[in-house]
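From a predicted model like this one, the values you see are computed outputs, not experimental measurements. The figures here come from the full heavy-atom set of this structure, side chains too, leaving out hydrogens, waters and symmetry mates.
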Amino acid sequence: MKFFGFHKRNNSMDMTSGNLFLKMGLFSLPVMLTTAMQLLYVTIDLTTVHYGDSAESMGAIASNNALINLIVVVFTGVSLGVNVIMSEAKGANDPEKASKVMHTSLLFALISGVFVGVVGLLISDDLLRMMGTEAHYLEKATLYLRIYFCGLPFLMIYNYAAQMLRAQGDSRMPFLILTVSGLINVAFDCLFVFPLHMGVAGVALATIISEGVSCVLGVLALAKRKDAYVRFSFKKLRIDRKSLHEVLRVGLPAGLQGFFFSLPNVFIQSSLYTIDPGNVQLENGATAAANIEGYFYTGVDALATSVMTFIAANVGAKKKENIPKCLLYAMGWGVGFIGLVALATAFLHRPLLSLFVDTEESIAAGRDRLYMIGFLYIFELTMAVSAGALRGLRHSTYPMVTTLVSCTGLRILLILTVFPLDYFHTVMWLYALFPITWIIASISNGIALAVYMPRTMRRIEGEEAPSIEEEALGEEAPE
(Lines give C-alpha, C1' and ligand atoms only; values in the text may rest on other atoms or scores of the structure.)
Protein backbone atom coordinates (compact mmCIF):
# COMPACT_ATOMS: atom_id res chain seq x y z
CA MET A 1 0.00 0.00 0.00
CA LYS A 2 1.32 3.44 -0.89
CA PHE A 3 0.87 6.78 0.91
CA PHE A 4 2.14 9.92 -0.87
CA GLY A 5 4.66 7.84 -2.78
CA PHE A 6 5.93 5.80 0.18
CA HIS A 7 5.26 2.11 0.75
CA LYS A 8 3.69 2.13 4.21
CA ARG A 9 5.24 -1.18 5.23
CA ASN A 10 8.87 -0.13 4.77
CA ASN A 11 8.84 3.64 4.13
CA SER A 12 10.48 3.10 0.73
CA MET A 13 9.64 5.21 -2.30
CA ASP A 14 9.41 4.43 -5.99
CA MET A 15 11.61 7.15 -7.47
CA THR A 16 10.94 6.28 -11.12
CA SER A 17 7.19 6.79 -11.53
CA GLY A 18 4.26 8.86 -10.31
CA ASN A 19 4.34 12.51 -9.26
CA LEU A 20 8.10 13.03 -9.08
CA PHE A 21 7.78 16.69 -8.10
CA LEU A 22 5.82 15.83 -4.97
CA LYS A 23 8.03 12.83 -4.24
CA MET A 24 11.20 14.91 -4.42
CA GLY A 25 9.76 17.31 -1.89
CA LEU A 26 8.73 14.47 0.42
CA PHE A 27 12.11 12.82 0.02
CA SER A 28 14.08 16.04 0.55
CA LEU A 29 12.37 17.17 3.75
CA PRO A 30 13.62 14.32 5.97
CA VAL A 31 17.09 14.64 4.42
CA MET A 32 17.11 18.34 5.30
CA LEU A 33 15.91 17.66 8.84
CA THR A 34 18.51 14.93 9.27
CA THR A 35 21.34 17.28 8.31
CA ALA A 36 19.87 19.94 10.59
CA MET A 37 19.90 17.44 13.44
CA GLN A 38 23.59 16.76 12.82
CA LEU A 39 24.28 20.48 12.91
CA LEU A 40 22.34 20.67 16.14
CA TYR A 41 25.15 18.69 17.79
CA VAL A 42 27.53 21.61 17.22
CA THR A 43 24.92 24.23 18.09
CA ILE A 44 24.08 22.56 21.38
CA ASP A 45 27.76 22.12 22.17
CA LEU A 46 28.41 25.83 21.60
CA THR A 47 25.35 27.07 23.48
CA THR A 48 25.77 24.73 26.44
CA VAL A 49 29.46 25.43 26.95
CA HIS A 50 28.91 29.19 26.51
CA TYR A 51 26.37 29.37 29.33
CA GLY A 52 27.74 26.48 31.42
CA ASP A 53 31.47 27.20 31.20
CA SER A 54 32.90 30.26 29.40
CA ALA A 55 33.05 32.24 26.16
CA GLU A 56 36.64 31.04 25.78
CA SER A 57 35.45 27.40 25.77
CA MET A 58 32.87 28.32 23.14
CA GLY A 59 35.61 29.87 21.02
CA ALA A 60 37.78 26.75 21.44
CA ILE A 61 35.03 24.50 20.10
CA ALA A 62 34.19 26.96 17.33
CA SER A 63 37.82 27.07 16.23
CA ASN A 64 37.52 23.36 15.38
CA ASN A 65 34.51 23.74 13.08
CA ALA A 66 36.27 24.41 9.80
CA LEU A 67 38.88 21.70 10.41
CA ILE A 68 36.34 19.07 11.46
CA ASN A 69 34.20 19.83 8.42
CA LEU A 70 37.25 19.61 6.18
CA ILE A 71 38.19 16.14 7.46
CA VAL A 72 34.73 14.63 7.76
CA VAL A 73 33.38 15.95 4.45
CA VAL A 74 36.07 14.09 2.49
CA PHE A 75 35.14 10.68 3.82
CA THR A 76 31.39 11.14 4.12
CA GLY A 77 31.45 12.44 0.54
CA VAL A 78 32.54 9.00 -0.56
CA SER A 79 29.26 7.67 0.85
CA LEU A 80 27.47 9.50 -1.98
CA GLY A 81 28.97 6.87 -4.27
CA VAL A 82 27.08 4.22 -2.28
CA ASN A 83 23.86 6.14 -2.84
CA VAL A 84 24.35 6.39 -6.61
CA ILE A 85 25.36 2.75 -7.16
CA MET A 86 22.65 1.35 -4.88
CA SER A 87 20.01 3.62 -6.43
CA GLU A 88 20.97 2.38 -9.88
CA ALA A 89 20.87 -1.23 -8.68
CA LYS A 90 17.39 -0.74 -7.19
CA GLY A 91 16.18 0.98 -10.35
CA ALA A 92 17.54 -1.92 -12.41
CA ASN A 93 16.03 -4.45 -9.93
CA ASP A 94 19.40 -6.01 -9.05
CA PRO A 95 19.29 -6.86 -5.29
CA GLU A 96 22.46 -8.99 -5.47
CA LYS A 97 24.53 -6.03 -6.62
CA ALA A 98 22.88 -3.75 -4.06
CA SER A 99 23.74 -6.22 -1.28
CA LYS A 100 27.40 -6.40 -2.30
CA VAL A 101 27.63 -2.60 -2.37
CA MET A 102 26.02 -2.35 1.08
CA HIS A 103 28.32 -4.79 2.86
CA THR A 104 31.46 -3.64 1.11
CA SER A 105 30.75 -0.01 1.91
CA LEU A 106 29.97 -0.55 5.59
CA LEU A 107 33.23 -2.43 6.10
CA PHE A 108 35.10 0.29 4.22
CA ALA A 109 33.44 2.93 6.42
CA LEU A 110 34.64 1.14 9.56
CA ILE A 111 38.21 0.72 8.33
CA SER A 112 38.57 4.28 7.04
CA GLY A 113 36.90 5.72 10.13
CA VAL A 114 39.28 3.94 12.49
CA PHE A 115 42.31 4.92 10.41
CA VAL A 116 41.43 8.62 10.20
CA GLY A 117 40.39 8.68 13.86
CA VAL A 118 43.72 7.27 15.06
CA VAL A 119 45.80 9.56 12.82
CA GLY A 120 43.73 12.59 13.83
CA LEU A 121 44.09 11.73 17.51
CA LEU A 122 47.88 11.76 17.17
CA ILE A 123 48.22 15.01 15.23
CA SER A 124 45.34 17.13 16.60
CA ASP A 125 47.64 19.73 18.14
CA ASP A 126 49.69 20.09 14.94
CA LEU A 127 46.56 20.45 12.80
CA LEU A 128 45.21 23.27 14.94
CA ARG A 129 48.55 25.07 14.95
CA MET A 130 48.77 24.78 11.16
CA MET A 131 45.42 26.50 10.71
CA GLY A 132 46.46 29.39 12.97
CA THR A 133 44.26 28.72 16.00
CA GLU A 134 44.63 31.46 18.61
CA ALA A 135 47.01 30.52 21.45
CA HIS A 136 44.42 31.15 24.16
CA TYR A 137 42.10 28.59 22.53
CA LEU A 138 44.70 25.95 21.71
CA GLU A 139 44.67 23.75 24.82
CA LYS A 140 40.90 23.39 25.01
CA ALA A 141 40.53 23.14 21.23
CA THR A 142 43.03 20.28 21.11
CA LEU A 143 41.22 18.43 23.89
CA TYR A 144 37.90 18.75 22.09
CA LEU A 145 39.37 17.63 18.76
CA ARG A 146 41.09 14.57 20.23
CA ILE A 147 37.93 13.34 21.88
CA TYR A 148 35.97 14.05 18.69
CA PHE A 149 38.35 11.92 16.62
CA CYS A 150 37.65 8.96 18.92
CA GLY A 151 34.04 8.94 17.72
CA LEU A 152 34.81 9.29 14.02
CA PRO A 153 34.18 5.58 13.15
CA PHE A 154 30.63 5.93 14.56
CA LEU A 155 29.98 9.00 12.43
CA MET A 156 31.33 7.33 9.29
CA ILE A 157 29.22 4.17 9.66
CA TYR A 158 26.04 6.14 10.33
CA ASN A 159 26.53 8.37 7.28
CA TYR A 160 27.03 5.36 5.03
CA ALA A 161 23.99 3.62 6.51
CA ALA A 162 21.91 6.76 5.95
CA GLN A 163 22.91 6.90 2.28
CA MET A 164 21.99 3.22 1.88
CA LEU A 165 18.55 3.81 3.35
CA ARG A 166 18.01 6.79 1.03
CA ALA A 167 19.14 4.77 -1.96
CA GLN A 168 16.33 2.33 -1.17
CA GLY A 169 13.83 5.19 -1.14
CA ASP A 170 13.69 5.70 2.62
CA SER A 171 14.75 9.19 3.70
CA ARG A 172 12.70 9.19 6.90
CA MET A 173 14.53 6.56 8.95
CA PRO A 174 17.85 8.51 9.04
CA PHE A 175 15.92 11.48 10.41
CA LEU A 176 14.23 9.38 13.12
CA ILE A 177 17.60 7.96 14.13
CA LEU A 178 19.18 11.41 14.36
CA THR A 179 16.20 12.66 16.39
CA VAL A 180 16.82 9.98 19.02
CA SER A 181 20.58 10.50 19.10
CA GLY A 182 20.10 14.29 19.12
CA LEU A 183 17.97 14.09 22.26
CA ILE A 184 20.65 11.93 23.85
CA ASN A 185 23.24 14.55 22.91
CA VAL A 186 21.21 17.27 24.62
CA ALA A 187 20.82 15.20 27.78
CA PHE A 188 24.52 14.38 28.09
CA ASP A 189 25.56 17.94 27.24
CA CYS A 190 23.50 19.24 30.13
CA LEU A 191 24.75 16.48 32.46
CA PHE A 192 28.44 16.84 31.66
CA VAL A 193 28.59 20.66 31.55
CA PHE A 194 26.29 21.87 34.33
CA PRO A 195 26.38 19.46 37.30
CA LEU A 196 29.67 17.71 36.41
CA HIS A 197 31.50 20.86 35.17
CA MET A 198 33.45 18.97 32.48
CA GLY A 199 33.41 21.90 30.03
CA VAL A 200 34.88 21.23 26.60
CA ALA A 201 35.57 17.56 27.37
CA GLY A 202 31.95 17.09 28.41
CA VAL A 203 30.41 18.37 25.20
CA ALA A 204 32.88 16.32 23.14
CA LEU A 205 31.97 13.14 25.05
CA ALA A 206 28.27 13.88 24.64
CA THR A 207 28.76 14.20 20.89
CA ILE A 208 30.53 10.87 20.43
CA ILE A 209 28.02 9.06 22.67
CA SER A 210 25.16 10.31 20.49
CA GLU A 211 27.12 9.39 17.34
CA GLY A 212 27.60 5.89 18.73
CA VAL A 213 23.85 5.57 19.24
CA SER A 214 23.12 6.73 15.67
CA CYS A 215 25.68 4.25 14.33
CA VAL A 216 24.07 1.29 16.12
CA LEU A 217 20.53 2.33 15.14
CA GLY A 218 21.59 2.84 11.51
CA VAL A 219 23.03 -0.67 11.24
CA LEU A 220 19.97 -2.14 12.98
CA ALA A 221 17.69 -0.34 10.52
CA LEU A 222 19.54 -1.98 7.63
CA ALA A 223 19.51 -5.41 9.31
CA LYS A 224 16.10 -5.76 10.93
CA ARG A 225 13.59 -4.39 8.43
CA LYS A 226 12.29 -7.50 6.71
CA ASP A 227 10.61 -5.66 3.84
CA ALA A 228 13.69 -3.61 2.88
CA TYR A 229 15.03 -4.02 -0.66
CA VAL A 230 18.24 -5.53 0.72
CA ARG A 231 19.19 -6.33 4.33
CA PHE A 232 22.45 -6.17 6.24
CA SER A 233 23.98 -9.37 7.61
CA PHE A 234 27.28 -9.75 9.46
CA LYS A 235 27.86 -13.00 7.56
CA LYS A 236 28.03 -11.07 4.28
CA LEU A 237 30.40 -8.40 5.59
CA ARG A 238 33.35 -8.52 3.20
CA ILE A 239 35.04 -6.35 0.60
CA ASP A 240 33.91 -6.97 -2.97
CA ARG A 241 36.58 -5.34 -5.10
CA LYS A 242 34.29 -4.57 -8.03
CA SER A 243 31.67 -2.95 -5.79
CA LEU A 244 34.27 -0.91 -3.94
CA HIS A 245 35.75 0.19 -7.26
CA GLU A 246 32.34 1.40 -8.49
CA VAL A 247 31.58 3.21 -5.25
CA LEU A 248 34.96 4.94 -5.20
CA ARG A 249 34.69 5.95 -8.84
CA VAL A 250 31.65 8.02 -8.00
CA GLY A 251 32.26 8.76 -4.33
CA LEU A 252 35.95 9.62 -4.26
CA PRO A 253 35.59 12.62 -6.59
CA ALA A 254 32.62 13.71 -4.46
CA GLY A 255 34.76 13.41 -1.34
CA LEU A 256 37.59 15.35 -2.95
CA GLN A 257 35.07 17.95 -4.06
CA GLY A 258 34.01 18.32 -0.44
CA PHE A 259 37.66 18.70 0.54
CA PHE A 260 38.28 21.34 -2.12
CA PHE A 261 35.09 23.14 -1.08
CA SER A 262 35.96 23.15 2.63
CA LEU A 263 39.69 23.80 2.38
CA PRO A 264 39.44 27.54 1.66
CA ASN A 265 37.07 27.88 4.64
CA VAL A 266 40.08 27.14 6.83
CA PHE A 267 41.94 30.00 5.09
CA ILE A 268 38.91 32.27 5.43
CA GLN A 269 38.67 31.57 9.15
CA SER A 270 42.40 32.20 9.57
CA SER A 271 42.13 35.41 7.49
CA LEU A 272 39.33 36.66 9.73
CA TYR A 273 41.77 36.65 12.65
CA THR A 274 44.04 39.10 10.78
CA ILE A 275 41.36 41.79 10.39
CA ASP A 276 41.20 42.57 14.09
CA PRO A 277 43.55 40.24 16.03
CA GLY A 278 42.29 39.25 19.46
CA ASN A 279 38.73 40.52 18.85
CA VAL A 280 36.75 37.66 20.38
CA GLN A 281 33.42 39.41 19.61
CA LEU A 282 34.21 39.45 15.88
CA GLU A 283 35.20 35.79 15.92
CA ASN A 284 32.13 34.73 17.91
CA GLY A 285 29.82 36.73 15.64
CA ALA A 286 31.31 35.13 12.55
CA THR A 287 31.00 31.69 14.15
CA ALA A 288 27.35 32.34 15.00
CA ALA A 289 26.58 33.40 11.41
CA ALA A 290 28.42 30.36 10.05
CA ASN A 291 26.27 28.09 12.21
CA ILE A 292 23.07 29.74 10.98
CA GLU A 293 24.29 29.46 7.40
CA GLY A 294 24.86 25.75 8.06
CA TYR A 295 21.14 25.39 8.73
CA PHE A 296 20.37 27.28 5.52
CA TYR A 297 22.58 24.83 3.66
CA THR A 298 20.57 21.83 4.88
CA GLY A 299 17.88 22.56 2.30
CA VAL A 300 20.40 23.00 -0.50
CA ASP A 301 22.23 19.81 0.44
CA ALA A 302 18.96 17.87 0.70
CA LEU A 303 17.93 18.88 -2.81
CA ALA A 304 21.39 18.02 -4.16
CA THR A 305 21.13 14.58 -2.54
CA SER A 306 17.59 14.10 -3.83
CA VAL A 307 18.35 15.01 -7.44
CA MET A 308 21.38 12.70 -7.35
CA THR A 309 19.35 9.80 -5.94
CA PHE A 310 16.36 10.26 -8.26
CA ILE A 311 18.49 10.65 -11.39
CA ALA A 312 20.59 7.57 -10.52
CA ALA A 313 17.42 5.50 -9.96
CA ASN A 314 15.97 6.57 -13.30
CA VAL A 315 19.25 5.88 -15.10
CA GLY A 316 19.16 2.37 -13.63
CA ALA A 317 15.52 1.95 -14.65
CA LYS A 318 16.33 3.35 -18.13
CA LYS A 319 13.62 6.01 -17.85
CA LYS A 320 15.42 8.77 -19.70
CA GLU A 321 12.39 11.05 -19.87
CA ASN A 322 12.51 11.51 -16.08
CA ILE A 323 16.13 12.67 -15.91
CA PRO A 324 15.66 16.33 -16.96
CA LYS A 325 12.42 16.45 -14.96
CA CYS A 326 14.28 15.56 -11.77
CA LEU A 327 16.70 18.44 -12.28
CA LEU A 328 13.88 20.89 -13.03
CA TYR A 329 11.85 19.80 -10.01
CA ALA A 330 14.83 20.08 -7.66
CA MET A 331 15.45 23.65 -8.82
CA GLY A 332 11.76 24.44 -8.42
CA TRP A 333 11.75 23.33 -4.79
CA GLY A 334 15.08 25.12 -4.32
CA VAL A 335 13.83 28.50 -5.48
CA GLY A 336 11.04 28.35 -2.91
CA PHE A 337 13.48 27.42 -0.17
CA ILE A 338 15.93 30.18 -1.10
CA GLY A 339 13.08 32.68 -0.86
CA LEU A 340 12.58 31.64 2.76
CA VAL A 341 16.32 32.01 3.38
CA ALA A 342 16.25 35.58 2.07
CA LEU A 343 13.26 36.46 4.27
CA ALA A 344 14.93 34.95 7.34
CA THR A 345 18.11 36.91 6.59
CA ALA A 346 16.22 40.17 6.21
CA PHE A 347 13.85 39.98 9.17
CA LEU A 348 15.14 37.36 11.61
CA HIS A 349 18.92 37.83 11.64
CA ARG A 350 18.96 39.47 15.08
CA PRO A 351 16.91 36.84 16.97
CA LEU A 352 18.78 34.05 15.17
CA LEU A 353 22.20 35.47 16.05
CA SER A 354 21.05 36.13 19.62
CA LEU A 355 20.74 32.36 20.08
CA PHE A 356 24.55 32.19 19.95
CA VAL A 357 25.90 35.61 21.01
CA ASP A 358 24.67 38.38 23.31
CA THR A 359 26.69 41.51 22.47
CA GLU A 360 25.94 44.16 19.86
CA GLU A 361 29.41 43.87 18.38
CA SER A 362 29.07 40.12 17.84
CA ILE A 363 25.58 40.48 16.37
CA ALA A 364 26.82 43.17 13.96
CA ALA A 365 29.71 40.93 12.87
CA GLY A 366 27.38 38.02 12.28
CA ARG A 367 24.89 40.20 10.41
CA ASP A 368 27.57 41.23 7.90
CA ARG A 369 28.21 37.60 6.96
CA LEU A 370 24.51 36.69 6.79
CA TYR A 371 23.74 39.64 4.53
CA MET A 372 26.50 38.80 2.08
CA ILE A 373 25.56 35.13 1.88
CA GLY A 374 21.84 34.91 2.61
CA PHE A 375 20.70 37.25 -0.18
CA LEU A 376 22.86 35.49 -2.78
CA TYR A 377 22.21 31.90 -1.78
CA ILE A 378 20.50 31.10 -5.08
CA PHE A 379 23.96 30.65 -6.60
CA GLU A 380 24.93 28.16 -3.89
CA LEU A 381 21.74 26.24 -4.70
CA THR A 382 22.47 26.22 -8.43
CA MET A 383 26.03 25.01 -7.86
CA ALA A 384 25.03 22.22 -5.45
CA VAL A 385 22.03 20.90 -7.38
CA SER A 386 23.91 20.87 -10.71
CA ALA A 387 26.78 18.98 -9.02
CA GLY A 388 24.30 16.48 -7.55
CA ALA A 389 22.74 15.93 -10.97
CA LEU A 390 26.16 15.27 -12.51
CA ARG A 391 26.95 12.72 -9.78
CA GLY A 392 23.63 11.00 -10.42
CA LEU A 393 24.71 10.67 -14.06
CA ARG A 394 28.01 9.13 -12.82
CA HIS A 395 29.94 12.20 -13.92
CA SER A 396 31.38 12.90 -10.49
CA THR A 397 34.79 14.08 -11.69
CA TYR A 398 33.60 17.24 -13.44
CA PRO A 399 32.06 19.02 -10.42
CA MET A 400 35.16 18.04 -8.44
CA VAL A 401 37.38 19.83 -10.97
CA THR A 402 35.02 22.81 -11.03
CA THR A 403 35.18 23.08 -7.26
CA LEU A 404 38.97 22.74 -7.29
CA VAL A 405 39.37 25.59 -9.77
CA SER A 406 36.74 28.03 -8.51
CA CYS A 407 35.92 27.38 -4.85
CA THR A 408 39.46 26.36 -3.88
CA GLY A 409 41.99 27.82 -6.30
CA LEU A 410 40.31 31.15 -6.91
CA ARG A 411 39.38 31.74 -3.26
CA ILE A 412 42.89 30.99 -2.00
CA LEU A 413 44.43 33.07 -4.78
CA LEU A 414 42.28 36.09 -3.87
CA ILE A 415 42.99 35.61 -0.15
CA LEU A 416 46.73 35.62 -0.80
CA THR A 417 46.86 38.42 -3.36
CA VAL A 418 43.87 40.79 -3.16
CA PHE A 419 42.61 40.44 0.42
CA PRO A 420 45.84 41.76 2.08
CA LEU A 421 45.42 45.10 0.26
CA ASP A 422 44.09 47.81 2.58
CA TYR A 423 40.92 48.50 0.59
CA PHE A 424 39.91 44.83 0.45
CA HIS A 425 41.08 43.87 3.95
CA THR A 426 37.56 43.95 5.39
CA VAL A 427 34.99 41.44 6.60
CA MET A 428 32.61 42.14 3.72
CA TRP A 429 35.23 41.61 1.02
CA LEU A 430 36.35 38.41 2.71
CA TYR A 431 32.79 37.04 2.66
CA ALA A 432 32.25 38.22 -0.92
CA LEU A 433 34.51 35.34 -1.97
CA PHE A 434 31.59 32.96 -1.41
CA PRO A 435 29.06 34.27 -3.98
CA ILE A 436 31.76 35.14 -6.54
CA THR A 437 32.96 31.55 -6.69
CA TRP A 438 29.44 30.08 -6.50
CA ILE A 439 28.53 31.92 -9.70
CA ILE A 440 31.58 30.65 -11.57
CA ALA A 441 31.02 27.05 -10.45
CA SER A 442 27.31 27.20 -11.35
CA ILE A 443 28.06 28.33 -14.89
CA SER A 444 30.66 25.60 -15.33
CA ASN A 445 28.39 22.84 -14.01
CA GLY A 446 25.54 24.08 -16.19
CA ILE A 447 27.70 23.72 -19.29
CA ALA A 448 28.64 20.18 -18.23
CA LEU A 449 24.99 19.21 -17.77
CA ALA A 450 24.13 20.55 -21.21
CA VAL A 451 26.75 18.15 -22.62
CA TYR A 452 26.46 15.06 -20.43
CA MET A 453 22.71 14.77 -19.89
CA PRO A 454 21.86 14.24 -23.61
CA ARG A 455 24.77 11.78 -23.84
CA THR A 456 23.40 9.76 -20.92
CA MET A 457 19.94 9.64 -22.44
CA ARG A 458 21.37 8.47 -25.77
CA ARG A 459 23.47 5.90 -23.93
CA ILE A 460 20.38 4.51 -22.23
CA GLU A 461 18.98 3.85 -25.69
CA GLY A 462 22.27 2.24 -26.74
CA GLU A 463 23.03 4.94 -29.26
CA GLU A 464 26.33 6.14 -27.80
CA ALA A 465 29.20 4.43 -25.99
CA PRO A 466 31.38 6.11 -23.35
CA SER A 467 34.03 8.33 -24.88
CA ILE A 468 37.73 7.66 -24.41
CA GLU A 469 37.98 10.84 -22.32
CA GLU A 470 35.13 9.75 -20.04
CA GLU A 471 36.64 6.30 -19.53
CA ALA A 472 39.99 7.90 -18.70
CA LEU A 473 38.24 10.04 -16.06
CA GLY A 474 36.52 7.02 -14.61
CA GLU A 475 33.06 7.94 -15.87
CA GLU A 476 31.21 5.03 -17.33
CA ALA A 477 27.71 4.09 -18.29
CA PRO A 478 25.61 1.95 -15.96
CA GLU A 479 25.73 -1.70 -16.83
Side-chain angles (χ1 to χ4, degrees), residues 28-29 31-51 55 58-70 72-73 178 182 185-186 189 203 207 261-262 264-266 268-269 271-272 275 279-304 334 336-381 383-384 427-428 430-435 438:
S28 298
L29 182 59
V31 178
M32 180 181 72
L33 295 175
T34 302
T35 307
M37 194 66 68
Q38 288 179 307
L39 287 175
L40 197 58
Y41 289 165
V42 178
T43 301
I44 292 172
D45 287 351
L46 291 172
T47 304
T48 304
V49 80
H50 176 69
Y51 291 105
M58 176 183 172
I61 295 175
S63 66
N64 277 292
N65 286 352
L67 180 59
I68 287 174
N69 289 337
L70 177 63
V72 173
V73 157
L178 259 296
N185 189 50
V186 173
D189 264 340
V203 295
T207 297
F261 189 78
S262 300
N265 292 342
V266 177
I268 289 174
Q269 181 169 316
S271 299
L272 182 67
I275 296 174
N279 188 339
V280 176
Q281 303 301 329
L282 174 63
E283 296 165 13
N284 286 345
T287 299
N291 275 279
I292 294 169
E293 181 199 342
Y295 285 97
F296 290 166
Y297 185 71
T298 59
V300 172
D301 182 62
L303 289 167
F337 176 76
I338 294 304
L340 295 177
V341 167
L343 289 174
T345 300
F347 299 108
L348 299 177
H349 60 271
R350 175 172 287 275
L352 289 174
L353 289 166
S354 297
L355 295 173
F356 303 92
V357 292
D358 52 11
T359 67
E360 284 299 319
E361 187 177 354
S362 292
I363 291 174
R367 181 196 60 212
D368 289 343
R369 174 165 178 151
L370 286 181
Y371 277 4
M372 178 59 70
I373 291 174
F375 294 132
L376 298 172
Y377 223 53
I378 184 66
F379 301 113
E380 167 80 354
L381 169 76
M383 180 185 71
V427 172
M428 293 301 289
L430 181 63
Y431 295 151
L433 294 175
F434 291 110
W438 293 340

For Phe434 and Arg369: C-alpha separation, side-chain torsions, deciding distance, then whether side chain to side chain contact (heavy atoms under 4.5 Å, CB included) applies.
CA-CA 10 Å; Phe434 291 110; Arg369 174 165 178 151; 3.9 Å; yes
What do the steps show when you test Leu370 against Leu353 for side chain to side chain contact (heavy atoms under 4.5 Å, CB included), and what is the final call?
CA-CA 10 Å; Leu370 286 181; Leu353 289 166; 4.0 Å; yes
Walk me through it: do Glu360 and Arg350 pass the test salt bridge (charged side-chain N to carboxylate O under 4.0 Å, His left out)?
CA-CA 10 Å; Glu360 284 299 319; Arg350 175 172 287 275; 3.0 Å; yes
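Remark: Tyr295 pairs with Thr43 by the side chain to side chain donor-acceptor pair (under 3.5 Å) rule, at least two apart or across chains. Residues passing the side chain to side chain donor-acceptor pair (under 3.5 Å) test with Thr287, sequence neighbours excluded: none. Scored by the side chain to side chain donor-acceptor pair (under 3.5 Å) test, Thr34 finds no partners at all (sequence neighbours excluded). The side chain to side chain contact (heavy atoms under 4.5 Å, CB included) search around Thr48 returns Ile44, Asp189, Val193, Phe194, not counting sequence neighbours. The side chain to side chain donor-acceptor pair (under 3.5 Å) test applied to Ser354 returns no partner, not counting sequence neighbours. Taking Phe375 as the reference, Tyr371 meet the ring pair (Phe, Tyr, Trp, His ring centres under 6.0 Å) condition, with sequence neighbours excluded.
With hydrogens and angles ignored, the 3.5 Å screen pairs a side-chain donor or acceptor of Ser362 with a backbone N or O of Gln281.
Trp438 contributes atom CH2, which lies 7.5 Å from atom CE of Met383 (distance to the nearest 0.5 angstrom). Rounding to the nearest 0.5 angstrom, the gap separating the CG atom in Leu343 from the CD1 atom in Ile338 is 11.5 Å.
Here the closest heavy-atom approach between residue Phe337 and residue Val300 is recorded as CE2-N, 4.0 Å. Closest approach of Ser28 and Ala302 over heavy atoms only: O-CB, 3.4 Å.
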